[in-house]
Amino acid sequence: MTLSLYNTMTRTTSEFKPLVEGKVGIYLCGATVQGAPHIGHIRSGVNFDILRRWLTHLGYDVTFIRNVTDIDDKILHKAVHENIPWWEVAMKYEKAFAWAYETLNVQSPTYEPRATGHITQMVELMQTLIDNGSAYAPGNGDVYLDVRALKSYLTLSNQKLDDLQSTGDSEDSFKKDPRDFALWKAAKPGDPSWPTPWGAGRPGWHLECSAMAHAYLGAEFDIHGGGLDLIFPHHENEIAQSESAGWGFAKVWMHNAWVTTSGEKMSKSLGNSLLVSEIVKKVRPIELRWYLGSAHYRSMVEFSFEALEENSINFRRIEGFLIRASEILQRTPDISISEKFAAAMNDDLAVPTALADISDLVREGNSAITAGDNQSLGTIAAQVRGALYILGCDPFDSVFASGAGSNSSAMDGLVSLALAQREAARARKDFAAADAIRDQILELGIIIEDTPAGPRWTLAR
RNA sequence: GGUGGAGUGGCCGAGAGGCGAGGCUCAGGACUGCAAAUCCUGCCACACGGGUUCAAAUCCCGUCUCCACCUCCA
């Protein structure tokens, strides 16, 4: 059984073959740090984190690059607006993203390059492109890529150059063709700039990613990821620049779909952003991650708090099973991968199909608990935990320490005291007193369940 | 105008020629002092109109509706 992935370039799902046996290089377009992360941003991080975890499980040595775009128009605008230096804006939101990734258990990239740290590589790339006639510097300080000189263009979005709507941009008089795009933007007064042979300025967005991908992954690499909206123009332009420089560039292109609200794409301009920092006040981070990760990465997620809550209930059912299993087995379940889960994941990360397997396993596991079959329980619990680990939602992961098994011994002692009184009341058939204790404890946020092995308690979520 | 995606039961969501994924909700049952948790059973489907086929949610033709991208975007 081998891994198949959908490639946006070919519009088909085919077997994944790494360029170098046993190794995978991934470049994911990360954030432009101009605002706090909303759940759409973080979905991309979660989806590709699942891909990375799965590749790692399959035994690949994964080099995962996720860049930070720390210089761009919006960052500069924000700096002016807030009257602080542009680098303060960039760092502030870079930290906000880092917090969100960490909170949602997204593994840290192998390398996380910043655009401003790779100006040298960008200048070198531009020099190559100008030398071979692919790009030109018209003298105003800008550098453009000459799209008419390209052997091929728009192969990823499958469009024709002439079908593109004209931009109606009248300020582009220096361009040979209105569809030529800027590799480098001439410095404006007051803006940060870096020197180049063609004048001082700052990098265009597309140039950054080509230069950084090349710096860390080489002329060609396995997988390039990003959001659906990056296909055009960002990824097309990355391809154009990189191929013009003679690089093979990415072999597989993967794009995650949107998180939408009310059927519309979330975006800053619509003002309906749902910040990660706000949502984790309403549900636990592990539940938000479960919600974002449990849909197929190429399917749109229509966000609603109702759906989020429903998904959380589903997750708690699975989590509850694992916690009960660990109590009965008196140890944390192992991590193993079931064949069905593996088959689903190998089919272009078919997480929803894999979820059906998890549900079946949980049902079987619960039945094993009832039957007192601890051997089966151990096997099943390990497979459930293994699946959750790949999805980044392992309740025993220390990242989610506020979840399972974190009840302090002091608290356990106090609750046990109350439970002992309740058991005494039940023994003398004083059910009014027993129920009163249960109700009072419930008001404090603690749920009591009577099991054949005696009462157990958990914190209400 | 160009490119791409979607329409499945009360709700959310898989599947891609033949056995109704799964979850939530609802109804009933088992268990329980009562609950909770859990298990079992049931209810309710493939946007519309044609066609191909022994067989269509799935393939083909047409129609309707919705969404995204076409130089800010995860």
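In what follows, chains carry the letters A, B, and so on, assigned in the order in which the sequence lines appear, proteins first and then strands, with residues in each chain numbered from 1.
- Contact annotation for Gly40(A): base contact, defined as any heavy-atom pair under 4.0 Å involving a base atom.
- Looking at residues two or more places apart in sequence or on another chain, you find a side-chain hydrogen bond (donor to acceptor under 3.5 Å, both in side chains) between Asn67(A) and Tyr27(A), Thr69(A).
- We find that CD of Gln159(A) is positioned 11 Å from C1' of U71(B), with the value rounded to whole Å.
- Here A47(B) sits opposite U63(B) as a Watson-Crick or G-U wobble pair (both hydrogen-bonding atom distances under 3.5 Å).
- Within the nucleic acid shown, Asp229(A) comes within 4.0 Å of at least one base atom, counting heavy atoms only.
- Annotation: side chain of Phe341(A) is not in contact with side chain of Leu361(A) (no heavy-atom distance under 4.5 Å).
- When Watson-Crick and G-U wobble pairs are counted only if both distances are under 3.5 Å, A68(B) pairs with U3(B).
- Nucleotides of RNA chain B nearest to Leu28(A) and His206(A) differ in position, and the one nearer the 5' end is that of His206(A).
- In this model, the phosphate group of G4(B) is approached by a side-chain N or O of Asn158(A) to a distance below 4.0 Å at OP1 or OP2.
- In terms of the ring pair (Phe, Tyr, Trp, His ring centres under 6.0 Å) criterion, residue partners of Tyr291(A) (sequence neighbours excluded) are, by chain and number, Phe303(A).
- Under the ring pair (Phe, Tyr, Trp, His ring centres under 6.0 Å) criterion, His255(A) pairs with His235(A), not counting sequence neighbours.
- Comparing the C1' positions of A55(B) and A47(B) gives a spacing of 23 Å, expressed to the nearest Å.
- Judged by a 6.0 Å distance limit and a 45° cone about the ring axis, Arg179(A) is not positioned over the six-membered ring of Tyr153(A).
- Atom CD of Glu287(A) and atom P of C24(B) are 14 Å apart (whole Å).
- Considering only residues two or more places apart in sequence or on other chains, Glu88(A) meets the side-chain hydrogen bond (donor to acceptor under 3.5 Å, both in side chains) condition with none of them.
- Look at the P atom in both C46(B) and A27(B): the space between them is 25 Å, to the nearest Å.
- For Asp394(A) (side chain) and Leu388(A) (main-chain N/O), no donor-acceptor pair under 3.5 Å exists by modelled atom type.
- Nearest-nucleotide positions on RNA chain B for Asn256(A) and Arg11(A) put Arg11(A) closer to the 5' end.
- Scanning both residues, Ala418(A) and Ile437(A), for their nearest heavy atoms gives O-CG2, 3.9 Å.
- Residue Asn314(A) contributes atom CG, which lies 13 Å from atom P of G22(B) at whole-angstrom precision.
- The interatomic distance linking Ile26(A) (CD1) with A74(B) (P) rounds to 19 Å, in whole Å.
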Trace of the ring pair (Phe, Tyr, Trp, His ring centres under 6.0 Å) decision for Phe64(A) with Tyr111(A): CA-CA 7 Å; Phe64(A) 190 95; Tyr111(A) 304 109; over 10 Å; no
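- A distance of about 31 Å separates the C1' atoms of C61(B) and A21(B), rounded to the whole Å.
- Between the CG atom of Leu230(A) and the P atom of C69(B) there is a distance of 11 Å, rounded to whole Å.
- Between Lys185(A) and Asp191(A) there is no salt bridge, since no side-chain nitrogen of the basic residue lies less than 4.0 Å from a carboxylate oxygen of the acidic one.
- For Lys282(A), the salt bridge (charged side-chain N to carboxylate O under 4.0 Å, His left out) criterion is met by no residue, not counting sequence neighbours.
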Protein-nucleotides 38-40 of chain B N/O pairs closer than 3.5 Å?
from, atom 1, to, atom 2, distance (Å)
U38(B), O3', Asn366(A), ND2, 3.1
C39(B), OP1, Asn366(A), ND2, 3.3
C39(B), OP2, Arg317(A), NH1, 3.2
C40(B), OP2, Arg363(A), NE, 3.4

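- Put simply, CG on Leu361(A) is 15 Å from C1' on G23(B), counting in whole angstrom units.
- As the counterpart of G18(B), C54(B) is assigned, both hydrogen-bonding distances of the Watson-Crick or G-U wobble pattern falling under 3.5 Å.
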Any chance you could list the contact pattern along nucleotides 6-16 of chain B? Use B for base contacts, S for sugar-phosphate-only contacts and - for none, protein heavy atoms under 4.0 Å, 5' to 3'. -----BS-S--
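- In this structure Phe315(A) satisfies the ring pair (Phe, Tyr, Trp, His ring centres under 6.0 Å) test together with Trp290(A), sequence neighbours excluded.
- The existence of a salt bridge linking Arg316(A) and Glu319(A) is excluded, since no basic side-chain nitrogen approaches an acidic carboxylate oxygen closer than 4.0 Å.
- Geometric assessment of Arg298(A) against the ring of Tyr6(A) yields a positive cation-pi assignment under the 6.0 Å and 45° thresholds.
- Here the separation of A36(B) from G29(B), taken at their P atoms, is 14 Å to the nearest Å.
- RNA chain B is contacted by no residue of residues 88-97 of chain A, taking any non-hydrogen atom closer than 4.0 Å.
- The pairing partner recorded for C26(B) is G42(B), the criterion being a Watson-Crick or G-U wobble arrangement whose two distances lie under 3.5 angstrom.
- Here, C59(B) and G18(B) have their P atoms 11 Å apart, quoted to the whole Å.
- With sequence neighbours excluded, no residue forms a side-chain hydrogen bond (donor to acceptor under 3.5 Å, both in side chains) with Lys188(A).
- Using P as the reference atom, C48(B) and U38(B) are 36 Å apart when rounded to the nearest Å.
- For Asp229(A), there are no side-chain hydrogen bond (donor to acceptor under 3.5 Å, both in side chains) partners at least two apart in sequence or on another chain.
- For the P atom pair drawn from A74(B) and C70(B), the interatomic distance equals 13 Å after rounding to whole Å.
- Remark: C1' of G4(B) and CG of Asp163(A) are 14 Å apart, rounded to the nearest angstrom.
- One interatomic measurement links the two molecules: NZ of Lys78(A) to P of C72(B), which rounds to 17 Å at whole-angstrom precision.
- A37(B) is unpaired under the Watson-Crick or G-U wobble criterion, no partner having all donor-acceptor distances under 3.5 Å.
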Between N or O atoms, less than 3.5 Å apart, protein on one side and nucleotides 29-35 of chain B on the other: list the pairs.
from, atom 1, to, atom 2, distance (Å)
G33(B), N7, Arg426(A), NH2, 3.4
G33(B), O6, Arg426(A), NE, 3.3
G33(B), N1, Asp435(A), OD1, 3.0
G33(B), N2, Asp435(A), OD2, 2.7
C34(B), O2, Arg438(A), NH2, 2.7
C34(B), N3, Arg438(A), NH1, 3.1
C34(B), N3, Arg438(A), NH2, 3.3
C34(B), N4, Asp450(A), OD2, 3.1
A35(B), N6, Asp450(A), O, 3.2
A35(B), N1, Asp450(A), N, 3.0
A35(B), N3, Arg438(A), NH1, 2.9

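- The same atom, C1', is picked in A56(B) and in U8(B); the two are 14 Å apart, to the nearest Å.
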